[in-house]
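All chains are named by letter (A, B, ...) in the order of the sequence lines, taking the proteins before the strands, and each is independently numbered beginning at 1.
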Amino acid sequence: MDNVIIEIKKLRKDYHVGDVVVHALRGVDLQIREGEFVAIMGMSGSGKSTMLNILGCLDQPTGGDYFLDGTNVNSMNRDELAGLRNRKLGFVFQAYNLLPRTTALENVELPLFYNPKMKSKERLERAVNALEAVGLKERMGHMPNQLSGGQQQRVAIARSLVNDPVLILADEPTGNLDTRTSVEIMELFQALNEKGRTIVFVTHEPDIARFATRNVVFRDGRIQRENMVTDRLFASDVLLTLPVENIEEFEN
Amino acid sequence: MMNIRNLLKIAIRALVRNKLRAILTMLGIIIGVASVIAMLAIGEGSKKNIQDQMSSMGTNLIMIMPNMQMRGGVSLGASSSMALKMSDVETLRNEAVYLSEVSPQVSASGQVIYGNQNTQTTVHGVSGEYLDIRKLEIGSGRIFTSSEVRGMSKVCILGTTVVENLFGEGADPVGVTIRIKNLPFEVIGVLEDKGESGMGQDQDDLILAPWTTVQRRLAAIDYINGIYASAVSEEKSTAAADEVTEILRRTHKLKESDEDDFRIMSQSELLETVSSITDIMTYLLGAIAGISLLVGGIGIMNIMFVSVTERTREIGLRMSIGGRSRDILRQFLVESIIMSILGGALGVVFGYLIGTVAGTLMNSPVVVTTQSVVLAFAVCFVIGVFFGWYPALKAANLNPIDALRYE
Ligand SMILES: Nc1ncnc2c1ncn2[C@@H]1O[C@H](COP(=O)(O)OP(=O)(O)OP(=O)(O)O)[C@@H](O)[C@H]1O
Ligand SMILES: [Mg+2]
């Protein structure tokens, strides 16, 4: 499990706003090995989202190199990047970004539509399995507006899982959720990580970062420090200590 | 390559997800297509209506009238209205090779009385050929004989409006004697119904009588008011008109510098004038339809621009999960093609219905031409597809993250 899956070297990202240049990333070097569970921390505006978007091939860096699974992403064209996002990456957004007026199942199916090799039977099977993995199989006919925030985020996670990616990236996946729901999402991530999936996520909360195996702290567009998590938390244990306070839990 | 089934499924799902938007967009297309088709159908219909009526009057018809010399609205002496004589008719009958039949025409208008009924109408004094020339048919009774013409007999043939006014609808007055300007005339025939002319004129409000009778007994003149003739064929009507000009100028002994003392109108010439008028009408209706098309187009545009934020985010999401720009563009293209085809087809149906209803109300035929359908459909299709596709065109070239964040 020591393959380097992400390697970035001197990564820079500038934003031009009018005459002002914002240096969001000022030369970041980072390696992430297969099977790691990394939490990116740091103050607001320190460049965490910028970093994650570049890792997810949703944005292009201004300078530096990014090797994903051995290939240099900078040399790829738009279509190749789209293929990469479709086959190798799963992205979870803070704002969920589900298609409105579209059932959970259809939302989860969506990435598979862009895989021409996927037969419709397999597509359906996989989507149902992904929803089952996040515990929402019974809700697959529901629209996003009929689901709670935590459930929507779980649908979004199911969508990121459905194409069996090597890497899952999540930008503040628990940012809009209460403590218990956040821990439940972490439980999900830990279970996925347990099965060998590499996960990188951004969080503001030090407590949530403790569910990861490694923490990377950003400051002003640079990595301030990195450390392995020594006092790692396990979500299934934590959940036992938390009171059942969430309304959606009553519904289930 | 994304396969076509996936593409269709994605596009149809996107349409179903935004039913209202799809329906509103289609409404724009429907309004545009329907109005163009309806307007042009009404325009074409009335044009055809007028043309049919005109040609039912005989497309070979050539009318020769005295050329009233007018200056500042004042007739220059009575002589100019007396330019045509019966001798001109005889000359034309003998010499003109492009004319098949020639009839003099003398008219008098006045009161016609039967019993206690009376009506005001025009009496046309003509020879027997007139009926052929004007494509008039005898409904009952007979036409006057040449001896009746020669003998200035007081016989007449009535138009159906006159019959109606004097005897009531459907009556057969053949054999009855009526009084025209106080002279007794025997009714020897009734004309077949002709209906209104294209210009809205009642063509049945007339009486035919031998020209000799009208000239001498009713009008008391020695000239004739006009000459009606038919050219040997429609194609020859220009040649016939030229020939008539040549013959009449010669027999009227006009000098090179003199103006014609007669005027020739051929039916085909008249038809051209009328068609150019109806053409203008069609253009006008077309312009109105074009405006509706524009309004429909702007409607489509509005809907697209209103939804552009949501759609750009959707595009951002689709790209972030692996959709390529070209997949996105194709999806939008298929969506807008589906909407345009559906909307266009419904527009054709509605346009046809509206045209038919309007035609029935206006009592005029409706002609849906293939061109109008093709034109309306094509224009709306292009507008619909373009504006359906346009949001995607810009968004699909953004970075996924920029599209996702679009506001
Ligand atoms: N699209 C953009 N245009 C201009 N500047 C941007 C853009 N996106 C981010 N920035 C700037 O880049 C810097 C890093 O932003 P980033 O979103 O990566 O921060 P962050 O660490 O994710 O913060 P937060 O914890 O608040 O989400 C900030 O100064 C921000 O203002
Ligand atoms: Mg952020």
Side-chain angles (χ1 to χ4, degrees), chain A residues 13 15 49-50 52-61 77-103 105-120 123-124 143-144 156 159-163 165 169 171, chain B residues 1-24 306-332 334-335 391-407:
Chain A
K13 177 72 181 178
Y15 289 111
S49 293
T50 306
L52 207 71
N53 291 337
I54 292 171
L55 290 185
C57 301
L58 302 178
D59 206 355
Q60 257 82 62
N77 64 29
R78 284 176 66 90
D79 286 355
E80 288 169 333
L81 288 175
L84 205 63
R85 291 193 292 270
N86 190 237
R87 311 290 145 71
K88 293 199 169 173
L89 301 172
F91 208 99
V92 181
F93 304 90
Q94 180 176 358
Y96 323 135
N97 285 334
L98 299 177
L99 281 186
R101 300 181 291 281
T102 304
T103 62
L105 184 67
E106 285 181 10
N107 262 298
V108 173
E109 269 188 298
L110 213 54
L112 304 179
F113 271 109
Y114 294 102
N115 182 347
K117 292 196 196 84
M118 192 65 54
K119 299 275 177 294
S120 60
R123 183 173 66 223
L124 194 70
M143 306 288 175
R159 181 180 62 193
S160 75
L161 286 176
V162 76
N163 55 356
L169 301 162
D171 193 355
Chain B
M1 262 298 287
M2 189 162 74
N3 60 51
I4 291 167
R5 267 183 52 197
N6 281 0
L7 183 64
L8 280 174
K9 209 157 183 174
I10 287 178
I12 289 168
R13 278 186 184 182
L15 285 177
V16 170
R17 187 151 47 81
N18 297 292
K19 283 187 209 74
L20 189 63
R21 184 178 65 210
I23 288 168
L24 287 175
V306 165
S307 62
V308 83
T309 306
E310 187 190 328
R311 296 239 76 180
T312 304
R313 291 202 182 129
E314 178 190 333
I315 289 170
L317 175 71
R318 287 182 184 280
M319 290 196 293
S320 74
I321 57 172
R324 295 165 310 167
S325 308
R326 111 179 63 132
D327 298 329
I328 311 284
L329 287 174
R330 282 187 196 144
Q331 172 199 335
F332 275 66
V334 171
E335 273 184 42
L393 193 65
K394 284 175 76 178
N397 285 315
L398 295 175
N399 265 337
I401 200 71
D402 294 328
L404 270 169
R405 283 195 190 136
Y406 185 86
E407 280 174 350

(message) Under the criterion side-chain contact (heavy atoms from CB on, under 4.5 Å), I'd like the reasoning laid out for B:Leu317 against A:Arg159: C-alpha separation, chi angles, the key distance, then a yes or no.
(response) CA-CA 11 Å; B:Leu317 175 71; A:Arg159 181 180 62 193; 3.5 Å; yes
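- In this structure, B:Gly323 and A:Ala82 approach most closely via the heavy-atom pair O-CB, 3.8 Å.
- Contacts with chain B were tallied for A:Met118, A:Arg78, A:Met143; A:Arg78 has the most, counting heavy-atom pairs under 4.5 Å.
- Counting heavy-atom pairs closer than 4.5 Å to chain A, the top-ranked of the candidates B:Arg5, B:Met319, B:Glu310, B:Arg318 is B:Arg318.
- For residues 398-407 of chain B, a heavy-atom distance under 4.5 Å to chain A picks out B:Leu398, B:Asn399, B:Pro400, B:Ile401, B:Leu404, B:Arg405, given by residue number.
- With rounding to the nearest 0.5 Å, the separation of CG in B:Asn18 from OG1 in A:Thr102 is 8.0 Å.
- A distance-only check finds no donor-acceptor pair linking the side chain of B:Arg17 to the backbone of A:Arg101 [under 3.5 Å].
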(request) Would you sort out whether B:Ile10 and A:Tyr114 count as a side-chain contact (heavy atoms from CB on, under 4.5 Å), showing the intermediate values? (result) CA-CA 10 Å; B:Ile10 287 178; A:Tyr114 294 102; 3.9 Å; yes
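- Contacts from residues 87-98 of chain A to chain B, taken as heavy-atom pairs separated by less than 4.5 Å, involve A:Phe93, A:Asn97 in sequence order.
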(message) Run the side-chain contact (heavy atoms from CB on, under 4.5 Å) test on A:Glu109 and B:Arg13 for me, step by step, so that the C-alpha distance in whole Å, both residues' side-chain angles and the decisive distance to 0.1 Å come before the verdict.
(response) CA-CA 12 Å; A:Glu109 269 188 298; B:Arg13 278 186 184 182; 3.2 Å; yes
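- Taking OG of B:Ser320 as the start and CG of A:Leu81 as the end, the distance is 13.0 Å to the nearest 0.5 Å.
- Interatomic distance, A:Leu99 CG to B:Ile321 CD1, rounded to the nearest 0.5 Å: 7.5 Å.
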(request) Dump the intermediate steps for side-chain contact (heavy atoms from CB on, under 4.5 Å) on A:Asp79 and B:Arg326, then the final yes or no. (result) CA-CA 9 Å; A:Asp79 286 355; B:Arg326 111 179 63 132; 2.2 Å; yes
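- Of the listed residues A:Pro100, A:Cys57, A:Ser120, the one with more heavy-atom pairs under 4.5 angstrom with chain B than any other is A:Pro100.
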